There are 2 protein chains.
Amino acid sequence: MSAETERRSSSENRREQILASATAVFGERGLAGGTTDAVAHGAGVSQAYVVRMFGSKQELFVAVTERACARVMETFRAAIATLPADSPIPQRLEVLGRAYVGLTADRGILLTLMHAFTLGHDPRIGPIIRERYLEIYRIARDEAGLGPEQASHFLATGMLINTGMGMRMFDVAESDADARELLGCMWGDEADEAIALMASVPTLPDVGRR
Amino acid sequence: MSAETERRSSSENRREQILASATAVFGERGLAGGTTDAVAHGAGVSQAYVVRMFGSKQELFVAVTERACARVMETFRAAIATLPADSPIPQRLEVLGRAYVGLTADRGILLTLMHAFTLGHDPRIGPIIRERYLEIYRIARDEAGLGPEQASHFLATGMLINTGMGMRMFDVAESDADARELLGCMWGDEADEAIALMASVPTLPDVGRR
DNA sequence: CTATGTAGTTATCAGCCGATTACAACCAAC
DNA sequence: GTTGGTTGTAATCGGCTGATAACTACATAG
């Protein structure tokens with residue numbers, strides 16, 4: 001394969017490119033609002049190819065959702081693995097919290113999940129997202145040893161962070177003291193760091209068709 | 001006006017009917033996924049009338065969002081008004097929590113807000129939802145006297161409840177012990193009551209056009 | 001009775017977008 | 001070198017849906 005012009009790519013590479021693009025698109029626009037054309041444009045392939053590779057837009061969304069959940073679970077498990085067996089609860093919360101902030105580096109992952117959370121009524125997506133969310137809950141409760149109360153509190157904080165991301169609260173954090181304060185309560189000590197990390201992330205460009 | 005066949009209605013009545021229908025539709029499908037035709041069907045009017053009354057689908061969504069925020073703020077303020085001036089924080093949290101559970105009686109209100117939270121990038125909706133959310137935060141922090149930490153914790157729990165609603169976690173609460181436990185941590189003592197209240201809420205029917 | 005505004009409809013247009021089809025380019029093996 | 005599978009594209013179709021236009025029905029004032 002030539003180094004310069006790699007016009008053809010392995011199926012797996014393409015698949016990953018498309019999933020990454022779709023994560024950004026679905027994260028910002030959701031299943032109904034995101035178009036296969038925008039996904040294709042972001043991945044540098046044709047719209048037809050996106051649809052054919054995944055069968056349908058809905059199946060692509062399912063794949064993106066599963067991938068996002070897998071990322072979340074990997075990230076949490078990797079964080080948990082760094083903990084000593086007898087570490088106290090506050091330290092466990094701290095480590096998991098940092099892991100969550102790390103997840104925000106890719107907006108699309110958490111925002112796509114947020115959209116998936118609104119699709120419980122969908123017969124295809126509903127069962128998947130419920131199962132995966134409970135799986136994440138069990139990881140926090142059992143594997144991280146937080147117990148039911150702290151685990152649900154942890155997930156609640158995560159949802160507040162997602163909400164702040166979806167609303168783009170960072171855009172007003174500089175000018176609005178209340179926004180800064182609220183974001184500060186979400187992130188704890190790392191608030192400034194996290195806000196700086198996420199501010200001025202560009203909106204997806206509107207892409208005309210083909 | 002005849003009592004039986006009210007074929008014509010005052011503009012305000014119609015407006016309220018349309019907003020109620022739109023709240024249900026947008027709550028389930030979001031701005032991009034909800035159709036003006038479904039809204040019209042739910043309100044018993046024609047699709048064209050819905051669009052003309054509000055100018056555009058987006059403006060209808062803005063109106064629904066503003067109405068939903070107003071409901072939330074009214075509900076919180078009414079709950080706060082029942083509190084004695086020197087009531088302790090736990091009691092304040094308890095009263096606000098009950099008020100939030102009361103809001104879940106109309107799924108559409110909280111679910112529409114959840115969709116609005118994903119629209120921060122939208123130049124029309126973003127500024128509105130950020131401003132309203134911060135307003136609600138200030139109500140919890142100042143008017144209810146919770147302070148920053150407890151107020152953000154309260155909002156976080158609210159977001160977890162919204163997420164549970166969006167995922168339709170109630171549908172599996174009967175059969176899945178973890179789901180019951182998680183929902184229990186959200187609602188506290190009223191979990192069973194709340195779950196019973198919200199289970200088996202029908203999905204919006206798919207409505208063909210006209 | 002007529003005029004005028006309000007409440008509503010039907011019909012239709014025009015653009016968007018997912019999906020399908022047919023075809024092209026490349027590669028590896030025999 | 002031809003055969004067959006893989007990687008991809010261009011073109012197009014057809015349904016959905018927001019918006020618009022043109023029209024109808026009713027009510028109220030003068």
Side-chain angles (χ1 to χ4, degrees), chain A residues 1-19 21-22 25-26 28-64 122 124-125 204-210, chain B residues 1-19 21-22 25-26 28-64 122 124-125 204-210:
Chain A
M1 182 180 300
S2 80
E4 181 57 35
T5 62
E6 39 178 85
R7 294 181 47 199
R8 285 171 78 92
S9 180
S10 77
S11 175
E12 262 180 60
N13 282 350
R14 280 290 189 226
R15 190 184 156 89
E16 192 52 38
Q17 286 173 338
I18 291 173
L19 284 172
S21 172
V25 170
F26 287 142
E28 181 142 323
R29 315 272 183 198
L31 171 57
T35 68
T36 56
D37 208 53
V39 173
H41 188 263
V45 295
S46 67
Q47 177 261 347
Y49 192 49
V50 170
V51 172
R52 216 190 36 185
M53 175 169 272
F54 291 88
S56 68
K57 184 168 85 155
Q58 166 142 316
E59 286 307 310
L60 171 59
F61 187 87
V62 168
V64 167
D122 185 295
R124 182 77 224 280
I125 296 166
L204 277 184
D206 272 339
V207 49
R209 192 164 196 200
R210 272 171 285 269
Chain B
M1 182 182 299
S2 80
E4 182 57 34
T5 62
E6 41 178 84
R7 297 183 43 202
R8 284 170 80 91
S9 180
S10 76
S11 176
E12 261 178 62
N13 282 351
R14 278 293 188 224
R15 191 183 154 89
E16 191 52 39
Q17 286 173 338
I18 291 173
L19 284 172
S21 172
V25 169
F26 287 141
E28 181 142 324
R29 315 272 180 195
L31 170 57
T35 67
T36 55
D37 207 53
V39 172
H41 187 261
V45 295
S46 68
Q47 177 262 346
Y49 192 50
V50 170
V51 172
R52 216 191 34 186
M53 175 169 273
F54 289 88
S56 69
K57 183 168 85 154
Q58 165 140 317
E59 286 307 311
L60 171 59
F61 187 86
V62 168
V64 168
D122 185 294
R124 182 77 224 282
I125 296 167
L204 278 183
D206 272 339
V207 48
R209 193 165 196 199
R210 274 171 282 270

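This structure is a prediction, so every number in the text was calculated from the model and none was measured. Values below: every heavy atom of this structure, side chains too, minus hydrogens, waters and symmetry copies. Residue numbering restarts at 1 for every chain, and letters A, B, ... go by the order of the sequence lines.
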I need the [atom1]-[atom2] distance between [X] and [N], as an integer number of Å.
| X | N | atom1 | atom2 | result |
| --- | --- | --- | --- | --- |
| N13(A) | dT6(D) | CG | P | 17 Å |
| D37(A) | dT12(D) | CG | C1' | 14 Å |
| Q58(A) | dG18(C) | CD | C1' | 13 Å |
| L31(A) | dC17(C) | CG | P | 14 Å |
| I18(A) | dG8(D) | CD1 | C1' | 10 Å |

Quiz item: S46(B) near the nucleic acid: base, sugar-phosphate alone, or nothing, with a heavy-atom cut-off under 4.0 Å?
Solution: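 Base: the residue S46(B), judged by heavy atoms under 4.0 Å, touches a nucleobase.
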
Exercise. Name the nucleic acid region contacted by G33(B), choosing base, sugar-phosphate or nothing; use a 4.0 angstrom heavy-atom cut-off, strictly under.
Key: nothing

Side chain of [X] - closest among [options]:
| X | options | value |
| --- | --- | --- |
| V45(B) | dT9(C), dA19(C), dT20(C) | dT9(C) |
| S11(A) | dT20(C), dT7(D), dG18(C) | dT7(D) |
| V51(A) | dT7(D), dG18(C), dA19(D) | dG18(C) |
| K57(B) | dA19(C), dG18(D), dT20(D) | dG18(D) |

Quiz item: Which sits closer to the 5' end of DNA chain C, R52(A) or T35(A), going by the nucleotide each is nearest to?
Solution: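 On the 5' side of the pair lies T35(A).
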
Quiz item: Can you check whether R14(B) has a side-chain N or O nearer than 4.0 Å to OP1 or OP2 of dA7(C)?
Solution: no

Quiz item: Do the side-chain N or O atoms of Y49(B) get closer than 4.0 angstrom to the phosphate oxygens (OP1, OP2) of dG8(C)?
Solution: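 It does, given that an N or O in the side chain of Y49(B) lies less than 4.0 Å from OP1 or OP2 of dG8(C).
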
Self-check item: Rounded distance (nearest 0.5 Å) linking atom CG of D206(B) with atom NE2 of H41(B)
Solution: 11.5 Å

Self-check item: Interatomic distance, Q47(B) atom CD to D37(B) atom CG [nearest 0.5 angstrom]
Solution: 5.5 Å

Please report, to 0.1 Å, the donor-acceptor pairs under 3.5 Å made by any side chain of residues 49-58 of chain B, with sequence neighbours excluded.
unit_1: S56(B); atom_1: OG; unit_2: E59(B); atom_2: N; d: 3.2
unit_1: K57(B); atom_1: NZ; unit_2: L31(B); atom_2: O; d: 2.7
unit_1: K57(B); atom_1: NZ; unit_2: G34(B); atom_2: O; d: 2.9

Exercise. Go through the structure and list residues passing side-chain hydrogen bond (donor to acceptor under 3.5 Å, both in side chains) with R15(B), not counting sequence neighbours.
Key: none

